[in-house]
Amino acid sequence: MKPDAASTLIHHDYQPPAGFAAPQVGVFKASTVLFPSVAAMRARDWRTKTGYTYGLHGTPTTFTLEERIAALEGGRHCQLVPSGLAAIALVDLALLAPGDEMLLPANVYGPSRELARTELARFGVTHRLYDPLDAQAFAGLLGARTKLVWLEAAGSVTMEFPDLRGLVAAARQRGVMTAIDNTWGAGLAFDAFALGIDIVVQALTKFPSGGGDVLMGSVTTRDDALNERIKLTHMHLGLGVAANDAESILRSLPSLPLRYRAHDAAARELASWLQGRPEVARVLHPALPSCPGHEHWRTLCTDAAGLFSVLFQERYAQTQVDTFVDALRLFGIGYSWAGPRSLAVPYDLGAMRPDGSLRGHLVRFSIGLEEAAVLRADLEQALRAAFS
Ligand SMILES: *Cc1c(COP(=O)(O)O)cnc(C)c1O
């Protein structure tokens, strides 16, 4: 081998192209970012994000995605993390200390509650659950130790739309920080910051990606000091995202409103049709008057995500409901939502609603981008196969 083969391959003359004015964002990948001198290295502060210091702290690709998510949510600052769950964890770790209490809605995204029950409990942070439809009872739970309130609209399995205005007003009156899991609303269905919410989290894995092929989360804020706190914890934890993943989401963002409306329209058509089926006891979709919290949805939103749940008649056995899900040909059996492919998942209501307020066997549907009529024919044949 040539004695300088390695250095010849490493020290090339590449400069990013000047004058290449494509509106699409390039994929910039780096761990190392070079400084022209030691003085320049010392002068650049990695905390400000005004320049590049190290790949983990941002590249042109990730800075651009952060700016676009902040714009989508109506915020000013955004931190990207490797998953929606990591976004929730980042907020918890940035804001809570031993002795603090956090309030979670009873229908909270399950892994968020598990995080509270395990790691956060180990660090001396406690949590309690509240009924997202009862702002008055919620106000009574806010105490001197309450430092963070999580909101979620709508609940992603049981679909209750919370009394967001009432909950936020109560938390603000007590000076308690609020964070919302805005995955369902995707920054489109309602304006979380306009409601007075402090922190907006999204699983970009869902609508912003839209492809079912990327995992990512975002934490967006308006307040500079709050952002500083979250950003430092983000950096201390070594959270970063890959440029290829960021680029996939940047590519999907322009079609987000179109996709959101298409998922919504098909889901509403199928939800209404299922409501009229004899096998079905109840359809839970925030836009249907039969859904708990529908009145709150109506005052805040006209749009809805392509997500709903069906409660089958109690007289059916769980095995029949499982047969129905197995008989679906176009609906995949799998977690997540907002991808092109429709999905169906049976959930155990006993574990989610031990109070018995929802009865029957629940199946959660995520409507993809297939034609509604084709999905309806699939549902019809599976209902026939399982229940007749
Ligand atoms: C999927 C989801 C998350 C977590 O996102 P991941 O990227 O899968 O970790 C959080 N909240 C809600 C409501 C979700 O649906």
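Sequence positions, counted from 1, serve as the residue numbers for this chain. Just follow the structure's listing: the first ligand is 1, and inside any ligand the first atom is 1. Keep in mind that what you see is a predicted model, and the values were worked out from it rather than measured.
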Distance col, row N182:CG vs T220:OG1, nearest 0.5 angstrom, shows 9.0 Å
CG of D224 to NZ of K231, rounded to nearest 0.5 Å, is 9.0 Å
Ionic contact status for E295 with R298, cut-off 4.0 Å | no
The complete set of ring-ring contact (aromatic ring centres under 6.0 Å, His included) pairs with one or both residues in residues 267-287, sequence neighbours excluded, reads none
Check ligand 1 for N or O atoms under 3.5 Å from a protein N or O and list each pair with its distance.
unit_1: ligand 1; atom_1: 7 (O); unit_2: G84; atom_2: N; d: 2.7
unit_1: ligand 1; atom_1: 7 (O); unit_2: T205; atom_2: OG1; d: 2.6
unit_1: ligand 1; atom_1: 9 (O); unit_2: G84; atom_2: N; d: 3.2
unit_1: ligand 1; atom_1: 9 (O); unit_2: L85; atom_2: N; d: 2.9
unit_1: ligand 1; atom_1: 11 (N); unit_2: D181; atom_2: OD2; d: 2.6
unit_1: ligand 1; atom_1: 15 (O); unit_2: K206; atom_2: NZ; d: 2.6
unit_1: ligand 1; atom_1: 15 (O); unit_2: W337; atom_2: NE1; d: 3.1

CZ of R315 to CD of E279, rounded to nearest 0.5 Å, is 8.0 Å
Describe, in one word, how the ring planes of F365 and F324 are oriented to each other, choosing from parallel (under 30°), tilted (30 to 60°) and perpendicular (over 60°). perpendicular
